[in-house]
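What follows is one structure encoded as structure tokens, with my remarks underneath.
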Amino acid sequence: MHESPGPAAPTGGLVVGVDSGGSGLRISLAEAETGVVLGTHVSREPVRTGPGGISARHFLDQVLPAVHALTAPHGARPVVAAAVGAAGMATLGDELRAELPRAFAEAWGAGRLALAADAVTAYAGALGQRPGAVVAGGTGMIALGTDLTAWRRADGWGHLLGDCGSGAWIGRAGLEAAMRAYDGRRGGSTALLARAEKLFGPAAGLPGALYPRTDRPAVLASFAPEVGRCAAEDPVAADILTRAAGHIADAAEAACPAGPGALVALTGGLFKMGDALLVPLRAALGERIPHARAVDPAGDPAAGAVALAAALATGTLRLPEDPSLLRLFDGVALSAPEASAQVGGGVRAPDGGRGHNQGGHTGTEGA
């Protein structure tokens, strides 16, 4: 557990929270002391990714004018801190970490900055600064937990290596069941075959239509709602969702801290599928992590970015810093953008050792 360095923000200060993902950016201006949002700007243009990772220039070209417009009605009130949560920050955020601290300081005079993976802002939005685990599910799936001394992550490895139980995983399993029915193999579902052919055309042409797509995870995930719609009457579809629930609960168990008082929350478009997924998932969570109390998420990743910025401004940040998941910058970063005071113990693997610390895009915009 730690508190962010330096004195509290001056009275009347403002903070900026930015949520950047595959569907664009949401930029919020808020009171530093209370976190009350004063205004929000939404851009539907996702930040480009280039050879250096997420483009800092494209990001700043969108954020700086938006913040200027948001702050204009508030006179000389200073922006004292900012927090950015971005999909791909962990693995593609080197350019942002190198350029944003100085750019924000020059634009607003703000010396305090938090750069976070989108899973961290999802956590902060859902649970605030309490110990527990958050599962962010959409096209992909990742679980992130903390005991307030270190982060624990599970899955989020993409549709080829993981994202088990995600929208892409459910959609792929549903299409596999459709192809089994087409072949006459065991485990097939004629109901899913009918829905697959309605969406994608004749089953025999599905490999040619799917494999060359660069957005293959999203295409797979687009079939997940069809699995959900079939589940009430089709045992194959129901079994797919039961297995997905088990995978999601496995990730939550791996990420959740031990001991009483932990909370677990589900966030992201995947969980809008309803009871077909949520009923078996609640049962699986009760079996895997009976010590954790399930709660509804308090807010979304955009709210989490605001909460991080407000906590940073007021010196009350308790979430642990980590080299790839949550980097903090204060005044020293203005002369050395690559420097960041390291606080906390990094990402801890479920076995207690140094774990995976590379996170990517969770794809939580929807299944």
Closest non-hydrogen atom pair, R112 against T314: NH1-N, 4.4 Å
Closest contact, heavy atoms only, A122 versus V134: O-CG1, 4.3 Å
Step-by-step side chain to side chain contact (heavy atoms under 4.5 Å, CB included) determination, V67 to I27: CA-CA 8 Å; V67 173; I27 304 157; 3.8 Å; yes
Main-chain N/O of R97 paired to D94 side chain as donor or acceptor, under 3.5 Å: no
What distance do L220 atom CG and S166 atom OG have between them, rounded to the nearest 0.5 Å? 9.0 Å
Polar side-chain atom of D234 near backbone of A237 as donor-acceptor pair, under 3.5 Å: yes
When the ring planes of Y123 and W151 are compared, do they come out parallel, tilted or perpendicular, using 30° and 60° as the limits? perpendicular
Working to the nearest 0.5 angstrom, can you tell me the gap between I54 CD1 and M89 CE? 6.0 Å
Would you check, one step at a time, whether the test salt bridge (charged side-chain N to carboxylate O under 4.0 Å, His left out) holds for D183 with R180? CA-CA 5 Å; D183 291 343; R180 284 179 173 272; over 6 Å; no
Could you go through W169 and H247, starting from their C-alpha distance and side-chain angles, then the distance that decides it, and tell me whether this counts as ring pair (Phe, Tyr, Trp, His ring centres under 6.0 Å)? CA-CA 10 Å; W169 186 96; H247 287 310; 5.0 Å; yes
Result for side chain to side chain contact (heavy atoms under 4.5 Å, CB included) between S28 and one of D19, V42, T40 points to T40
As an exercise, state the distance from CG of D215 to CG of L210, rounded to the nearest 0.5 Å. 9.0 Å
Straight-line distance of L328 CG to E321 CD, nearest 0.5 Å: 4.0 Å
Backbone N or O of A255 within a donor-acceptor pair of the R153 side chain at under 3.5 Å? no
Is it the case that one hydrophobic cluster holds both V37 and V80, taking links as side-chain heavy atoms less than 4.5 Å apart, direct or via other members? no
Taking it one step at a time, do F223 and R195 satisfy side chain to side chain contact (heavy atoms under 4.5 Å, CB included)? CA-CA 9 Å; F223 195 65; R195 290 179 180 266; 4.1 Å; yes
Salt bridge (charged side-chain N to carboxylate O under 4.0 Å, His left out) between R26 and D300: does it pass, once the steps are laid out? CA-CA 11 Å; R26 187 174 179 184; D300 61 12; 3.2 Å; yes
When rounded to the nearest 0.5 angstrom, what distance separates CG in L326 from CG in L308? 6.5 Å
Tell me if a side-chain donor or acceptor on T146 pairs with a main-chain N or O of A150 at a distance below 3.5 Å. yes
Residues that H58 engages under side chain to side chain contact (heavy atoms under 4.5 Å, CB included), provided they are two or more places apart: E45, V47, R48, S55, Q62
Tightest non-hydrogen contact, residues A83 and A305, listed as CB-O, 3.2 Å
Consider side chain to side chain contact (heavy atoms under 4.5 Å, CB included). Of L113, L96, D330, which one does P101 pass it with? L113
Under the side-chain hydrogen bond (donor to acceptor under 3.5 Å, both in side chains) rule, collect the residues that match up with R282, sequence neighbours excluded. none
So, D155 side chain and D163 main chain: donor-acceptor pair closer than 3.5 Å or not? yes
Closer than 3.5 angstrom, by distance alone: can the side chain of R293 be matched with the main-chain N or O of L263 as a donor-acceptor pair? no
Test T71 against W108 for side chain to side chain contact (heavy atoms under 4.5 Å, CB included), laying out the working first. CA-CA 10 Å; T71 56; W108 313 322; over 6 Å; no
Keeping the roles fixed (side chain from R152, backbone from A254), state whether a donor-acceptor pair exists under 3.5 Å. yes
In short, A231 meets A238 closest at the heavy-atom pair O-CB, 3.6 Å
Hey, mind stepping through H291 and C256 against side chain to side chain contact (heavy atoms under 4.5 Å, CB included) and telling me if it holds? CA-CA 10 Å; H291 66 281; C256 190; 4.0 Å; yes
Counting distance only, does the side-chain N/O of E95 pair as donor-acceptor with the main-chain N or O of A56 below 3.5 Å? yes
Write down the atom of G165, the atom of I248, and the distance for their closest heavy-atom approach. O-CD1, 3.5 Å
Could you report the tightest heavy-atom contact between A218 and T139, atom names first, then the distance? N-CG2, 3.9 Å
Is there a side-chain contact between L29 and V15 in this structure, where contact means two heavy atoms from C-beta onward sitting under 4.5 Å apart? no
Would you find a donor on one side and an acceptor on the other, under 3.5 Å apart, between the side chain of D275 and the backbone of L278? no
Tell me whether R77 is salt-bridged to E31, with the criterion being a basic N under 4.0 Å from an acidic carboxylate O. yes
Any donor and acceptor pair, going by atom type alone, linking the side chain of R185 with main-chain N or O of G187 inside 3.5 Å? no
Acceptor/donor pairs from residues 199-206 side chains to any protein atom, 3.5 angstrom cut, sequence neighbours excluded:
none

